[in-house]
Amino acid sequence: MATERYNAPQREKHWQAVWETARKNQSGPDTGTENQGPKCYVLEMFPYPSGRIHMGHVRNYTMGDVFARYKKARGFNVLHPMGWDAFGMPAENAAIERNTHPGTWTYANIDAMKAQLKSLGFALDWDRELATCSPDYYRHQQKLFLDLLEKGLAYRKSAKVNWDPVDMTVLANEQVIDGRGWRSGALVEQRELTQWFFKITHYAEELLEALATLDKWPEKVRLMQANWIGRSDGLLVRWSLQNGTAPEGHKELQVYTTRPDTLFGASFMAVASDHPLAKAAAEKNPQLQAFCEECRRLGTSVADLETAEKKGFDTGIRAVHPLDADWTLPVYVANFVLMDYGTGAIFACPSGDQRDLDFARKYDLPVVPVILPPGADKDSFEITNEAYDGDGTMINSRFLDGLDTNAAFEEVASRLEKAKLDGKPVGERKVNFRLRDWGISRQRYWGCPIPIIHCETCGAMPVPEKDLPVKLPEDASFDKPGNPLERHPTWKNVDCPKCGKPARRETDTMDTFVDSSWYYARFTNPKAGVPIDKDAAAYWLPVDQYIGGIEHAILHLLYSRFFFRAISDSGHPVKNLREPFAALFTQGMVTHETYFQHDAEKKRVWFEPDKVRFEGDGKDRKAVTIDGGQPIEIGDIVKMSKSKKNVVDPDDIIAHYGADCARWFMLSDSPPERDVQWTDEGIAAAGRFIQRIWRLIDDAADKAAPVGEKPPSTFSPEAEALRRATHKALDQVGRNIEGLRFNVAVAQLYELSNAFSGALSKSGDGLAWTIRETAEIIVQMLAPMMPHLAEECWARLGYNTLVSKQPWPCADPGLLVDDTVTVAVQVNGKRRDELTIAASASNEEVEAAALNLDSVQRALDGRKPKKVIVVPKRIVNVVG
RNA sequence: GCGGACGUGGUGGAACCGGUAGACACACGGGACUUAAAAUCCCGAGGCUUAACCGCCGUGCGGGUUCGAGUCCCGCCGUCCGCACCA
């Protein structure tokens with residue numbers, strides 16, 4: 001009887017309905033009851049509800065689902081929730097374009113995407129679903145904000161901010177990429193605005209130190225965060241200003257340096273154009289005034305800053321060298337000195353810093369080498385156009401001469417700590433961080449309102465807790481650019497909660513990264529009346545496996561690490577936990593070839609993959625249009641994106657091949673952390689494998705021993721071999737899923753299927769029993785990856801239970817070790833032969849057998865072996 | 001410029017702690033089944049040499065350590081990513 005093809009799309013709907021009925025996609029109430037085992041919290045980064053799932057989501061959520069289902073089968077009590085990162089710009093843009101409300105658009109998208117996720121068969125706990133745009137969620141976020149405010153971890157200040165002129169909003173430093181807004185791509189400008197900030201710098205040291213404890217995070221992400229936090233160890237040094245050269249009231253200049261060892265190489269001082277000393281000096285100097293203005297204008301865009309030539313202006317002020325009262329240096333205003341790092345002032349050592357050197361050459365200032373690189377000759381060493389900023393031996397540095405760089409640092413630091421200027425130490429050790437406080441104000445409607453009321457008398461007053469949530473008004477207008485909350489006729493008019501006088505609401509909303517900084521904690525009990533249910537969070541946190549894109553290496557992950565600490569320290573601690581994500585995995589992107597033609601202006605016009613037909617293969621492979629047969633160029637393989645039209649819609653794939661096929665393909669071939677290339681051949685191969693498994697199991701079901709039959713007492717060699725292959729694969733597949741090496745697990749399942757298919761045509765003692773054993777183990781191993789197919793196969797094998805409810809099978813340790821082993825035989829390190837021998841053979845026996853081989857004798861060519869190395873069960877190397 | 005990762009057949013990739021390089025899959029070639037095709041099944045395949053065996057070469061390039069190196073060390077080359085006036 002010919003086997004019917006497995007109709008994946010149809011059967012998948014069936015099994016999804018069965019699961020729904022069985023309520024199997026539940027992790028149970030708050031502390032979980034489904035499994036008695038230890039808890040395991042599996043989380044994938046929740047999606048922005050853009051309207052449709054893309055292949056990147058499919059890959060991300062498939063990995064999480066395989067891991068979650070596997071852990072469940074291993075007896076863990078698993079939490080695997082899903083929600084929506086639902087605030088943000090696109091909803092507002094959609095509102096403008098379609099004349100709908102952002103909420104309407106967002107919730108319609110959520111419905112559509114939820115249906116898509118369900119059609120992929122993910123074992124998600126939908127009872128815990130949350131959307132950050134719901135007042136049920138953001139009311140708690142407002143409470144968290146108020147608690148941070150009370151602790152001084154949220155505050156308001158006027159600051160230069162990154163202004164995105166397209167999105168018309170403020171961006172955090174982390175959200176500016178190559179001088180452009182991370183979402184809009186517009187050139188970012190600098191503007192002075194009063195904004196709300198979170199004091200992430202308060203945790204700079206801790207966030208950096210704790211990276212060392214995150215041993216289940218990728219090294220790469222930890223390094224990126226460490227660089228971002230940017231700790232430097234240095235010295236604050238106070239330089240006195242020479243009498244008569246400095247403006248009234250300016251007696252000293254404080255600089256920050258990480259290289260006090262180079263102090264004798266100092267050649268000038270430089271301050272930022274908005275440094276108080278620069279401003280004071282400019283008052284009486286119109287030319288300097290003009291120069292400062294120029295610097296400020298230049299600084300309007302980050303891109304300009306990066307390309308600007310180094311320029312300076314001599315203020316005429318002179319600073320006294322802290323180690324030599326007779327030595328004075330000129331003070332410049334320089335465009336490359338930043339006011340918001342260190343003290344906004346530096347001393348410059350041109351021989352040891354490229355910027356200082358460029359500046360010194362331009363203005364003809366002295367360049368004195370003070371550090372001799374290791375191996376360089378003292379007499380001939382000189383600095384020409386390249387500064388030397390490495391370590392070495394001190395020269396031209398008086399009492400430091402001969403010391404190494406580190407010793408010189410210490411010597412200068414301790415001298416200056418003891419030295420006094422106006423009764424206070426000249427030098428003070430200081431650790432500086434690159435990290436800045438997180439500006440969270442956004443001039444947008446579709447975000448969490450900041451619960452503050454501004455009163456002319458009382459200032460910025462927190463909204464009383466009883467008045468939370470501060471809800472967004474439904475009737476906002478989106479017809480103009482700018483903030484709809486700002487121009488709403490009534491919403492912002494409220495009375496001051498303290499004095500009762502008319503006041504106005506804060507119209508800024510929070511950066512959406514705040515929303516995603518604590519959602520993982522909310523998932524542990526999303527219906528709690530407080531932001532975080534302490535018991536539920538204590539049970540479930542930390543997240544045991546977090547999975548998402550590398551693009552969040554800094555932004556989301558650093559903010560979450562900070563926010564979790566900040567809320568812990570302001571009344572919402574979860575045990576003593578400081579880190580929310582115990583293990584992190586960053587998956588690669590889904591890529592696809594691109595196809596294009598050039599238009600009349602030489603611009604590329606992109607083609608969807610299904611508009612392209614191919615002719616030939618290998619080097620002769622050509623693309624043509626599907627209708628006209630006109631030539632098309634084949635472009636790079638890049639991340640799927642709408643703009644390049646190289647996207648494949650998951651819905652189309654599910655409808656054609658089924659969800660299991662899409663899932664299987666996303667797990668195959670490429671290591672999960674690397675990019676995977678979507679190809680038609682690849683998805684077709686996955687589809688073939690599904691049919692193959694179905695045929696194999698169908699065939700096996702006919703040949704297998706009945707369910708529950710006792711194991712036979714003897715096994716034929718064929719049966720024995722199949723059992724060994726099966727149990728080895730079981731052992732390996734488990735390990736590889738555990739280690740998220742899905743591509744390797746997939747290969748092992750292919751391999752076992754090949755062996756199984758060969759064994760099905762054989763007969764022998766115990767084979768029928770072994771066929772059942774292997775068939776069941778294959779199905780159970782496939783279950784986390786292709787859950788629908790696995791259920792179908794499980795039923796075909798005679799069960800009316802669900803395979804997704806079965807415990808993970810146990811590999812028989814006795815079948816993992818072989819009686820005989822094949823070892824390679826080398827002569828002088830070159831492989832000459834192989835030897836099959838009892839695993840229990842002694843080294844002497846192996847050696848004798850190896851020397852006995854013709855091939856070994858031939859290779860030795862009459863020489864006596866000098867030495868024989870035997871590595872048990874692996875290799876024999878004859879040296880002769 | 002600084003920091004990091006990576007480099008294996010025609011392709012994606014595998015190889016535990018230094019121990020048979022190329023598992024598995026794609027593409028390709030040959031065969032079976034078929035009137036034919038699709039589907040399926042079987043076989044082949046790193047390169048050079050050879051009728052075949054044998055042999056030689058082979059994990060970006062050059063050196064080194066080792067009985068033995070894709071794996072460790074040093075120096076190059078290339079690709080990708082992150083950061084970038086941070087004093």
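Numbers restart at 1 for each chain; the letters A, B, ... are given by sequence-line order, proteins then strands. Computed over heavy atoms, backbone and side chain alike; hydrogens, waters and symmetry mates excluded.
The shortest distance between the side-chain N/O atoms of A:R692 and the OP1/OP2 oxygens of B:C41 is below 4.0 Å. An OP1 or OP2 oxygen of B:G18 is reached within less than 4.0 angstrom by no side-chain nitrogen or oxygen of A:R874. Taking only side-chain nitrogens and oxygens, A:N743 never comes nearer than 4.0 Å to OP1 or OP2 of B:A23. For B:A87, one of the phosphate oxygens OP1 or OP2 lies less than 4.0 angstrom from a side-chain nitrogen or oxygen of A:Y341.
One C1' atom belongs to B:A5, the other to B:G10, and the distance between them is 26 Å to the nearest Å. Separating the P atom of B:G70 from that of B:A21 is a span of 8 Å, rounded to the nearest Å. Nucleotides B:C26 and B:C77 place their P atoms 40 Å apart, quoted to the nearest Å. B:U50 and B:G44: their P atoms are spaced 23 Å apart (whole Å). Nucleotides B:G4 and B:G12 have their P atoms positioned 27 Å apart, rounded to a whole Å. Rounded to whole Å, the separation between the C1' atoms of B:U59 and B:U8 comes to 4 Å. The separation of B:U71 from B:C17, taken at their P atoms, amounts to 14 Å, rounded to a whole angstrom. Straight-line distance between the C1' atoms of B:C57 and B:U49: roughly 11 Å, to the nearest whole Å.
More than 12 non-hydrogen atoms from other residues, nucleotides or ligands lie less than 6.0 angstrom from NZ of A:K728.
Glycosidic conformation at B:C17 (O4'-C1'-N9-C4 for purines, O4'-C1'-N1-C2 for pyrimidines): syn, within 90° of 0. With its glycosidic angle more than 90° from 0, B:G75 is assigned anti.
Comment: A:R735 engages A:D731 in a salt bridge, judged by a side-chain N to carboxylate O separation of less than 4.0 angstrom.
Interface remark: the A:K310 side chain does form a donor-acceptor pair with the B:C85 base, using a distance-only criterion of under 3.5 Å. Not a single donor-acceptor pair, N or O on each side, falls under 3.5 Å between the base of B:C26 and the side chain of A:R688.
Of the candidate nucleotides B:A14, B:G19, B:A87, B:A14 has the atom nearest to the side chain of A:V744. Side-chain atoms of A:R831 lie closest to B:U20 of the nucleotides B:U20, B:A23, B:C26. Comparing B:G19, B:C24, B:U20 by their closest approach to the side chain of A:I869 singles out B:G19. Candidate nucleotides B:G19, B:C26, B:G4 were compared by shortest atom distance to the side chain of A:A685, and B:C26 ranks first. Residue A:N227 has its side chain nearest to B:G3 when only B:G68, B:G3, B:A25 are considered. When distances are taken from the side chain of A:S757 to each of B:G19, B:C42, B:A87, the shortest belongs to B:C42. Side-chain atoms of A:W228 lie closest to B:C83 of the nucleotides B:A25, B:C86, B:C83.
Counting non-hydrogen atoms under 4.0 angstrom, A:V871 reaches a base of the nucleic acid.
Nucleotide B:G1 holds its P atom 11 Å from the CD atom of A:Q354, rounded to whole Å.
Of the residues in residues 665-676 of chain A, those with a non-hydrogen atom less than 4.0 angstrom from any atom of RNA chain B are A:D669, A:S670, A:P671, A:R674.
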Check: protein-nucleotides 56-58 of chain B nitrogen or oxygen pairs below 3.5 Å:
unit_1	atom_1	unit_2	atom_2	d
B:C56	OP1	A:R832	NH2	3.4
B:C56	OP2	A:R832	NH1	3.2
B:C57	OP2	A:K830	NZ	3.0

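Checking A:Q748 against A:N736 by side-chain atom types alone, a donor-acceptor pair falls below 3.5 Å.
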